[in-house]
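In what follows, a structure is listed as structure tokens, so that the remarks can point back to it.
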Amino acid sequence: MEAIIKKYINENKEGIVQLIKQLCEIPAPSHFEHERAQFCKKWLESNGATGVTIDEAQNVVFPLHCENSNQITVFAAHTDTVFPDTEPMPYFDDGEKIYSPGVADDTASVSILLYMAKFFLSEKRLPPNGILFVFNSCEEGLGNLKGTRQIFKDYEGRIANFISFDDNLNVVADRCVGSHRYEVEVITEGGHSYDAFGQENAIAKLSEMIAKLYQIQVPVSPGTKTTYNVGTVLGGTSVNTIAQSAKMLCEYRSDDKDCLAMMRHEFQMIFESFASQTVQVHVKKVGDRPCSNIESHKVEALKKIVVPMMEKVLGQTISFRSSSTDCNIPLSLGIPALCIGVNLHHGIHTREEWVEKGSLSLGLELAIKLGIKVTEV
């Protein structure tokens, strides 16, 4: 089998790079992944896949030998990018690296997962417990993990393990970071900047609220991390208008559910404190990513399969971290999940994002071997 895998990788090196380029040319902001979804479905079908569907969340789902299994392993990579662009992303290949916004997070992983599926099809391998290949939507930002939520709704009670390709090649995210995200709007009377001077200004009140949020002391608990952030601020009408309305998007995160609950209390207290007869405060939760709710030994059992394989393929020790990924959903449901990488990259969520081309072969080797190993245990 080792020789077969090596031969397959060598034959498809250029194909992987070409596929990444094609995918980068298809814009896919969260909630707008339909064109990439159609592309992935057609690509799978052109390589022999049957039964490929696109569900209501715009996930591309390819079940392989899953018909009678309640021990399915999901391999997933998300099709959306963090960037709102609706035009093709700039793309540059210097021979060693591929530069394109979103190429590492998570376009290259989608390419690897497609070629992993193609290997199982070309070799006519039917994994005993079934593989569900998922090219899911809405992992980023306010996508709020919609795609993965849909998978666990549609396959409730049938998924035994979940592995997401969405990190660097030598990293495993084995703990999930939960988060709550809010859109907060402050509304005041406003008015003319000269004639109504002294009346409440929504931008000023929102600024005071933000300053108050940044005075919060995050809870400290051994082995955990908690953060908060104000990400966007909008408001006002013109330079000579006392702003009637101002909005922000803000969040707090933690890899500990108790710390997350403490931050929820702190934020709500501050939001409520700014409401008055002259100031309205409207708070809308726009994102809710759950923390882990699983016995640690279940995750450790999956790690005992995955990590030795990673170290064998890469020839190095693996590092571990907490992260906010599609794995949040299965881990919150008590289902073992790991987020791993299938390429080396740098600069995710920046316009300078790149993937190291030489790492793609290792990533595909790892993906194929994990697909064979995990589903046979």
Side-chain angles (χ1 to χ4, degrees), residues 27-34 57-58 80-87 101-102 137-147 149 177-219 226-254 259-290 324 349-351:
S30 301
H31 301 291
F32 297 94
E33 305 93 339
H34 49 281
Q58 292 300 306
D80 60 323
T81 71
V82 74
F83 301 96
D85 305 52
T86 56
E87 297 296 325
S137 66
C138 288
E139 191 275 343
E140 297 289 1
L142 297 182
N144 202 34
L145 309 181
K146 181 177 78 172
R149 294 177 196 271
V177 177
S179 65
H180 296 156
R181 289 161 173 169
Y182 300 94
E183 178 187 81
V184 181
E185 182 178 20
V186 173
I187 300 174
T188 62
E189 186 178 6
H192 191 284
S193 64
Y194 189 83
D195 295 340
F197 181 71
Q199 292 184 176
E200 296 281 16
N201 184 309
I203 292 174
K205 296 306 292 184
L206 184 63
S207 298
E208 291 176 23
M209 185 185 292
I210 292 170
K212 199 77 172 176
L213 291 175
Y214 273 81
Q215 293 173 14
I216 293 174
Q217 298 296 310
V218 298
T226 302
T227 66
Y228 55 84
N229 184 55
V230 175
T232 68
V233 177
L234 298 169
T237 303
S238 69
V239 70
N240 59 334
T241 301
I242 298 170
Q244 284 187 293
S245 172
K247 290 182 179 182
M248 69 172 171
L249 287 173
C250 59
E251 68 162 15
Y252 48 85
R253 299 184 179 213
S254 183
C259 293
L260 201 68
M262 292 179 198
M263 291 300 293
R264 178 176 180 270
H265 174 75
E266 292 287 338
F267 266 57
Q268 287 184 335
M269 291 283 288
I270 291 172
F271 295 156
E272 292 170 4
S273 72
F274 277 83
S276 68
Q277 288 186 339
T278 57
V279 178
Q280 300 176 49
V281 178
H282 300 296
V283 179
K284 178 183 178 182
K285 183 184 278 189
V286 293
D288 189 342
R289 298 190 176 209
S324 177
H349 290 204
T350 74
R351 298 275 170 177

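Worth saying up front: this structure is predicted, and the values here are computed from it rather than measured.
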CD (Q215) with more than 12 external heavy atoms under 6.0 Å: yes

Roughly how far, to the nearest 0.5 Å, is the CD1 atom of I187 from the NE2 atom of H282? 3.5 Å

Answer yes or no: are there more than 12 heavy-atom neighbours, outside F197 itself, under 6.0 Å from its atom CZ? no

State, yes or no, whether a side-chain contact exists between Q280 and E185 at a heavy-atom distance under 4.5 Å. no

At their closest point, which heavy atom of A202 faces which heavy atom of V186, and how far apart are they? CB-O, 3.5 Å

Checking side-chain contact (heavy atoms from CB on, under 4.5 Å) for the pair E266/Q217: CA distance, chi angles, key distance, verdict? CA-CA 9 Å; E266 292 287 338; Q217 298 296 310; over 6 Å; no

Nearest 0.5 Å please: distance from the CZ atom of F267 over to the CE atom of M209. 10.5 Å

Looking at OG of S238 and NE2 of H192, how far apart are the two atoms once the value is rounded to the nearest 0.5 Å? 8.0 Å

To the nearest 0.5 angstrom, please state how far the CG atom of L145 sits from the OG atom of S324. 6.0 Å

Decide yes or no on side-chain contact (heavy atoms from CB on, under 4.5 Å) for N229 and Y214, but give the supporting numbers first. CA-CA 8 Å; N229 184 55; Y214 273 81; 3.5 Å; yes

Note: P84 and P29 closest approach over all heavy atoms is O-CG, 3.6 Å

Counting only heavy atoms not in Y182 (residues, nucleotides, ligands), do more than 12 fall under 6.0 Å from its OH? yes

Rounded to the nearest 0.5 Å, how far does CE of M248 lie from OG1 of T232? 9.5 Å

On a heavy-atom basis, which atom in T188 and which in N201 lie closest, and how many Å separate them? OG1-C, 4.0 Å

Taking atom types as modelled, find out whether T81 and E140 have a side-chain donor-acceptor pair closer than 3.5 angstrom. no

Considering residues, nucleotides and ligands other than E189, do more than 12 of their heavy atoms fall under 6.0 Å from its CD? no

Between I270 and I216, does the side-chain contact (heavy atoms from CB on, under 4.5 Å) criterion hold? Intermediate values first, please. CA-CA 10 Å; I270 291 172; I216 293 174; 3.8 Å; yes

Where S137 and Q58 come nearest, the two heavy atoms and their spacing: CB-O, 4.0 Å

Is a side-chain donor-acceptor pair under 3.5 Å present for S30 with D80? yes

Is there side-chain contact between V281 and V184, with heavy atoms separated by less than 4.5 Å? yes

Tell me whether R181 contacts the main-chain N or O of G141 through its side chain, where contact means a donor paired with an acceptor under 3.5 Å. yes

From E33 atom CD to H31 atom NE2, the distance as rounded to the nearest 0.5 Å: 7.5 Å

Is the backbone N or O of M263 less than 3.5 Å from a side-chain atom of Y228, with the two atoms forming a donor-acceptor pair by type? no

All heavy atoms of L260 vs all of Y252, minimum pair found to be O-CE1, 3.6 Å

Is it true that a side-chain atom of S193 and a backbone atom of N240 form a donor plus acceptor pair closer than 3.5 Å? yes

Minimum-distance pair of heavy atoms, taken over all atoms of R149 and D288: NH2-O, 2.5 Å

Atom CZ of residue position R351 - does it have more than 12 heavy atoms of other residues, nucleotides or ligands inside 6.0 Å? yes

